[in-house]
Amino acid sequence: MISNLNVSRRKLITFSSAAIAGLSINQLLSKAHAIEAQNSVSFSLPILENVAIPDVNNPVRLNFNENALGMSPRAKQAAIDAVPKANRYAKAEMPLLNKRLAKHHKVDDTQILLTAGSSEGIRSAIAAFVKPNTQLVIPELTYGDGEHFAQIFNLKITKVPSLPDWQIDIKGIQKVAEDYNGFSIVYLVNPNNPTSTVFATSEIESWIKSKPKNTIFIIDEAYAEFVNDPAFESVDKLITQGCDNVILLKTFSKIHAMAGLRVGYVVSSIENVKNIAQYVAGEKLNYCGVCAALASIDDQPFLTYSKKAVDVSRQIMEKALSDLGLHYLKSQTNFMFHKSPIDLKDYRELMKNNFVLIGRDFAPATNWCRISLGSPSEMLYVAKVMRELKEKGKI
């Protein structure tokens, strides 16, 4: 157990809002990873020396790709203010969010469909295109909800083997779809989960624009706001250019830190949205979640802060993994994928014994570990745990 860390009482250090856009990652590290943002509301990030040691009742939770920072103060307050009105449906608020999202993606209001998180978006998008002799085409290692819902709808599931380091084989996926005598639903997560990697939008753009017969593309961009790779672009640009064979799925769970409030949405053509809308719960979104989303989407200082905090956490983890000689994939998300130093089950238990929860198995990558990125303070603690385990010969 980790019991010899020199940790003082919690104290919060903050900076002015002007610092958010200006500080580099190294400056954030040297200034204790703490920032203050947004007009009159302060929020801050504790450094390792100022946080309590994790214990069995308060472990570092790095197993579900949650945003450790939590919602922005504005979003949090909006959710609190909504509670007294939560006996009502969000009939007035949902159209406002719809319009705001349409403006963000530069599409018409009728091209946005709100869903209860991205999972409902995945389910309803697949359901809308189920027909006889339909296959779901996915990489062999990706987010599991697509396969899960395809099984419920009794679809043929075709998995395309990955390239080295679990890179998605776009050309292989294209060949599988083109060679199939039936309808293909191509489900791609970009950035991918659990690998944390991206494929360049240019790799798939010409295929989409060619409008292949009997093929629809569902592109899940849950983690897009964390990406630093300039080769990545959202497929919303293809939708604005008139590609009616693309369904973009988005969520407020990640960068907005609203996983528990279940707000997601679909962006596509007017006809596709009408079709998919038949399979969602309609006006049954979480009232507090809708209000929080309206506040969060315009809180750019916090979103900038949130991304920079993840960038800092990623740098801490990259250095620790490099120092320990553990192979990892270049992350473009709020989690990382690295080779497990020992049997994954034993590694997970060892980390749990040190109050750090890490990801489950992701077949067929059974000797790889997905570890979410917590706050910089948490990742400093995790890095220290890993180094001590290495020194003791346990990993």
Side-chain angles (χ1 to χ4, degrees), residues 102 104-108 111-112 118 121-122 125-126 128-129 131 133-143 146-147 150 155-193 195-250 265-273 275-276 329-330 332-333:
H104 177 72
H105 290 283
K106 299 181 175 62
V107 297
D108 189 79
Q111 293 179 260
I112 301 288
S118 61
I122 298 167
I126 291 175
F129 290 92
K131 56 188 72 177
N133 200 25
T134 295
Q135 70 168 347
L136 179 80
V137 186
I138 55 176
E140 68 172 334
L141 183 60
T142 193
Y143 184 55
E147 181 179 0
L155 301 186
K156 172 183 169 62
I157 299 169
T158 304
K159 296 184 181 182
V160 178
S162 299
L163 300 172
D165 270 349
W166 305 108
Q167 294 296 315
I168 293 175
D169 184 2
I170 297 296
K171 289 182 179 178
I173 289 172
Q174 181 173 354
K175 186 176 189 308
V176 163
E178 290 177 343
D179 290 348
Y180 188 64
N181 185 26
F183 192 81
S184 292
I185 300 173
V186 177
Y187 173 63
L188 295 171
V189 182
N190 196 28
N192 194 27
N193 181 10
T195 64
S196 75
T197 56
V198 297
F199 60 83
T201 307
S202 59
E203 291 186 56
I204 198 171
E205 184 172 352
S206 60
W207 183 24
I208 291 174
K209 284 186 172 180
S210 71
K211 297 193 175 182
K213 185 179 179 182
N214 292 332
T215 304
I216 192 79
F217 298 88
I218 300 176
I219 311 296
D220 188 335
E221 294 183 3
Y223 300 93
E225 289 79 10
F226 296 111
V227 175
N228 292 315
D229 189 339
F232 172 85
E233 291 182 278
S234 174
V235 294
D236 63 359
K237 75 167 191 174
L238 301 180
I239 295 170
T240 62
Q241 292 169 9
C243 292
D244 58 2
N245 56 349
V246 182
I247 298 163
L248 169 60
L249 304 180
K250 299 289 292 181
Y265 60 99
V266 172
V267 187
S268 194
S269 68
I270 296 173
E271 288 305 313
N272 284 342
V273 166
N275 187 13
I276 298 167
L329 305 186
K330 184 65 177 177
Q332 298 295 329
T333 63

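All residue numbers refer to positions in the sequence shown, counting from 1.
When only modelled atom types and interatomic distance are considered, N192 and T142 share a side-chain donor-acceptor pair under 3.5 Å.
A pairwise comparison of heavy atoms in L248 and S234 identifies CD2-OG, 3.8 Å as the closest pair. Pairing each heavy atom of P191 with each of T333, the nearest pair is CB-CG2, 3.4 Å. Closest non-hydrogen pair, L163 versus I168, comes out as CD1-O, 3.9 Å. In this structure, V186 and A177 approach most closely via the heavy-atom pair CG2-CB, 4.4 Å. When all heavy atoms are compared, the tightest approach of C243 to K209 is SG-CG, 4.0 Å. When all heavy atoms of G172 and D169 are compared, the pair lying nearest together is N-OD1, 2.9 Å.
Between W166 and T197 the shortest side-chain heavy-atom distance does not fall below 4.5 Å. Between Y187 and I122 there is a side-chain heavy-atom pair separated by less than 4.5 Å. Using a 4.5 Å heavy-atom threshold, the side chains of Y143 and I138 count as separate. Side-chain contact between D236 and K106: absent, with no pair of heavy atoms (C-beta onward) separated by less than 4.5 Å. Annotation: side chain of D220 is not in contact with side chain of N190 (no heavy-atom distance under 4.5 Å).
V137 pairs in a side chain to side chain contact (heavy atoms under 4.5 Å, CB included) with only one of the listed residues (L188, I157, V160), which is V160.
Taking the six-membered ring for Trp and the full ring otherwise, the centers of Y265 and H104 sit at least 6.0 Å from each other.
For the pair Q332 (side chain) and F226 (backbone), a donor-acceptor distance under 3.5 Å is absent.
For the atom pair CD1 (I216) and CD1 (I208), the distance works out to 9.5 Å, reported to the nearest 0.5 Å. One finds the CD1 atom of I239 at 8.0 Å from the OG atom of S269 (value rounded to the nearest 0.5 Å). With rounding to the nearest 0.5 Å, the separation of NZ in K159 from CD in E140 is 8.5 Å. Between the OG1 atom in T158 and the CD atom in E147 there is a gap of 10.5 Å [rounded to 0.5 Å]. Here the straight-line distance linking atom OG of S184 with atom CG of L155 works out to 10.5 Å at 0.5 Å rounding. Of the inter-residue distances, the one linking K213 atom NZ with N245 atom CG reads 15.0 Å to the nearest 0.5 angstrom.
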> Passes side chain to side chain contact (heavy atoms under 4.5 Å, CB included), V273 versus I112? Steps please.
Replying inline: CA-CA 7 Å; V273 166; I112 301 288; over 6 Å; no
> Can you list the steps and then say if K250 with E225 is a side chain to side chain contact (heavy atoms under 4.5 Å, CB included)?
Replying inline: CA-CA 10 Å; K250 299 289 292 181; E225 289 79 10; 2.8 Å; yes
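Atom CG of N181 is surrounded by 12 or fewer heavy atoms from other residues, nucleotides or ligands within 6.0 Å.
Note: W207 and F217 have perpendicular aromatic rings, judged against thresholds of 30 and 60 degrees for the angle between ring planes.
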